[in-house]
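First the structure, in the form of structure tokens, and then the observations on it.
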Amino acid sequence: MRPDRQRMSRGSIVRASVLMTVFNGQTYVQTAVASALAQAAEEFEVVVIDDGSTDDTPRILGDFRDPRLRVVHGGRLGRARALNLGIETCASPYVAVLDADDVALPHRLREQVAFLDGNDEVALVGSRYRPFIDGDGKAIGEDLLPLDYAAIVRDLKEYRCPLFHSSVMFRKERVRAVGGYDESLASNEDWDLYVRLALAARVPIANIDARLSLKRLHRHQFFWGEEGIEFTPAGRDAERTVRRRIAELGGAASPAG
């Protein structure tokens, strides 16, 4: 069953929304937004929440002249609050997340919309992805992820994150039903969302066995860069919180840390 199509204020029909949040992302945001707008799909929009950027990000976003792009300047909210604002802003029942330093491959929306259209029980679907090093574009490592719900649950219970956030598309009403992203977490809000969907709500989630996104690796990353949030006390507290939730929902071992 296909979801009801929703009309935006400008009169167009939206089948899928790409959601991006950005804070001081001037180096890569133009490429990320351009990749979202270059989708080989019809009837989609791109929603960018500028999370209080103080660099050249607002000007870069303002230079786009595409009616499918909507930019919201929300002030400094923090990642999870900005994502939740974005969910409420998106016009479509399908929301595809893309981080401001990653790249969506042209067929991403088309394949994920088709998957959700054909799998009513699935609340959220990710995909394989290709990591690459900034600068020379060299692909590194493997991106092997579990595909079906049972395998994803096994990974979650073993304290692994089985989805790549910039490859995720979800049904907006299902994510709203579990409270959206947890705004109390300084990081790992995506991992926590998968835990609450798959383990707490017992809603099926999946990965498509196709590479639909590119993950940029660089030293200024919000999570794993030289000054990434993961290395701060708040980041470590957030990871412990998610691990504790997994343990309470049937994790295989006591959470580390």
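- The hydrophobic cluster containing Leu199 does not contain Leu147, counting ILVMFWY residues as joined when their side-chain heavy atoms lie under 4.5 angstrom apart, directly or transitively.
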ask   = What do the steps show when you test Met20 against Val33 for side chain to side chain contact (heavy atoms under 4.5 Å, CB included), and what is the final call?
value = CA-CA 8 Å; Met20 181 183 301; Val33 172; 3.8 Å; yes
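- Shortest non-hydrogen contact noted between Ala206 and Leu163 is O-CD2, 3.7 Å.
- Counting heavy atoms from C-beta outward, Val113 and Met169 have side chains that approach closer than 4.5 Å.
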In a table with atom names and distances, give each donor-acceptor pair under 3.5 Å that connects a side chain of residues 35-42 to protein atoms at least two apart or in another chain.
{"from": "Ser35", "atom 1": "OG", "to": "Ala32", "atom 2": "O", "distance (Å)": "2.8"}
{"from": "Ser35", "atom 1": "OG", "to": "Ala104", "atom 2": "N", "distance (Å)": "3.0"}
{"from": "Gln39", "atom 1": "OE1", "to": "Arg108", "atom 2": "N", "distance (Å)": "3.3"}
{"from": "Gln39", "atom 1": "OE1", "to": "Leu109", "atom 2": "N", "distance (Å)": "2.9"}
{"from": "Gln39", "atom 1": "NE2", "to": "Ser35", "atom 2": "O", "distance (Å)": "3.2"}
{"from": "Gln39", "atom 1": "NE2", "to": "Leu105", "atom 2": "O", "distance (Å)": "2.9"}

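- Applying the side-chain hydrogen bond (donor to acceptor under 3.5 Å, both in side chains) test to Asp63 and every residue at least two apart in sequence or in another chain returns Arg59.
- We find the NE2-CZ distance between His107 and Arg211 to be 10.5 Å, quoted to the nearest 0.5 Å.
- In this structure Tyr181 satisfies the side-chain hydrogen bond (donor to acceptor under 3.5 Å, both in side chains) test together with His165, sequence neighbours excluded.
- Residues meeting the side chain to side chain contact (heavy atoms under 4.5 Å, CB included) test with Ala177, sequence neighbours left out: none.
- Relative to the six-membered ring of Phe23, Arg76 meets both conditions, a distance below 6.0 Å and an angle of at most 45° to the axis.
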inquiry  = Does Arg243 form a salt bridge (charged side-chain N to carboxylate O under 4.0 Å, His left out) with Glu239? I'd like the steps, not just the answer.
reply    = CA-CA 6 Å; Arg243 286 175 171 267; Glu239 181 176 354; 3.1 Å; yes
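- The two residues Gly180 and Arg196 make their nearest non-hydrogen contact at O-NH2, 2.6 Å.
- Annotation: side chain of Cys90 is in contact with side chain of Glu45 (closest heavy-atom distance under 4.5 Å).
- The distance from atom CD1 of Ile152 to atom CD1 of Ile205, rounded to the nearest 0.5 Å, is 5.0 Å.
- Cys161 places a side-chain heavy atom less than 4.5 Å from the side chain of Tyr194.
- Once rounded to the nearest 0.5 Å, the distance linking CG of Leu83 with OG1 of Thr89 reads 11.0 Å.
- Side-chain atoms of Asp192 never come within 3.5 Å of backbone atoms of Val242 as a donor-acceptor pair (strictly under, hydrogens ignored).
- Rounding to the nearest 0.5 Å gives a distance of 12.5 Å between OH of Tyr28 and OG1 of Thr57.
- The structure places OG of Ser17 at 12.5 Å from CZ of Arg68, a figure rounded to the nearest 0.5 Å.
- Tyr149 places a side-chain N or O within 3.5 Å of a backbone atom of Ala198 that can act as its donor or acceptor partner.
- With rounding to the nearest 0.5 Å, the separation of CG in Leu144 from CG in Asp209 is 9.5 Å.
- Looking at Arg154 and Arg160, their side chains never come closer than 4.5 Å, going by heavy atoms from C-beta outward.
- Although no hydrogens or angles enter the test, the distance criterion places a donor-acceptor pair under 3.5 Å between the side chain of Ser166 and the main chain of Asp99.
- Linking ILVMFWY residues whenever their side-chain heavy atoms come closer than 4.5 Å, directly or via other members, leaves Val203 and Leu116 in distinct clusters.
- Within the 4.5 Å cutoff, the side chain of Asp117 has heavy atoms near those of the Arg15 side chain.
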request  = I would like to know whether Phe64 and Val46 meet side chain to side chain contact (heavy atoms under 4.5 Å, CB included); could you show each step before the answer?
outcome  = CA-CA 11 Å; Phe64 282 95; Val46 179; over 6 Å; no
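- Asp50 pairs by the side-chain hydrogen bond (donor to acceptor under 3.5 Å, both in side chains) definition with Ser53, His73, not counting sequence neighbours.
- At distances below 3.5 Å, at least one donor-acceptor pair connects side-chain atoms of Asn119 with backbone N or O atoms of Phe115.
- Taking both residues in full, the closest heavy atoms of Asn188 and Leu185 are given as O-CD1, 4.3 Å, listed atom of the first, atom of the second, then distance.
- Considering only heavy atoms from C-beta on, Thr241 comes within 4.5 Å of Arg245 through its side chain.
- Using a 4.0 Å cut-off between charged nitrogen and carboxylate oxygen, Arg79 and Asp190 do not count as a salt-bridge pair.
- For Thr31, the side chain to side chain contact (heavy atoms under 4.5 Å, CB included) partners are Val103, Arg216, not counting sequence neighbours.
- Heavy atoms only, all atoms of each residue included: Leu145 and Ser127 are closest at CD1-O, 3.4 Å.
- Between Ile87 and Leu19 the shortest heavy-atom distance is N-CD2, 3.9 Å.
- Contact check for Val125 versus Tyr94: no side-chain heavy atoms found under the 4.5 Å cut-off.
- A heavy-atom distance below 4.5 Å is not found between the side chains of Asp182 and Glu189.
- Across every non-hydrogen atom of Ala82 and Ile49, the tightest pair is O-CG1, 3.7 Å.
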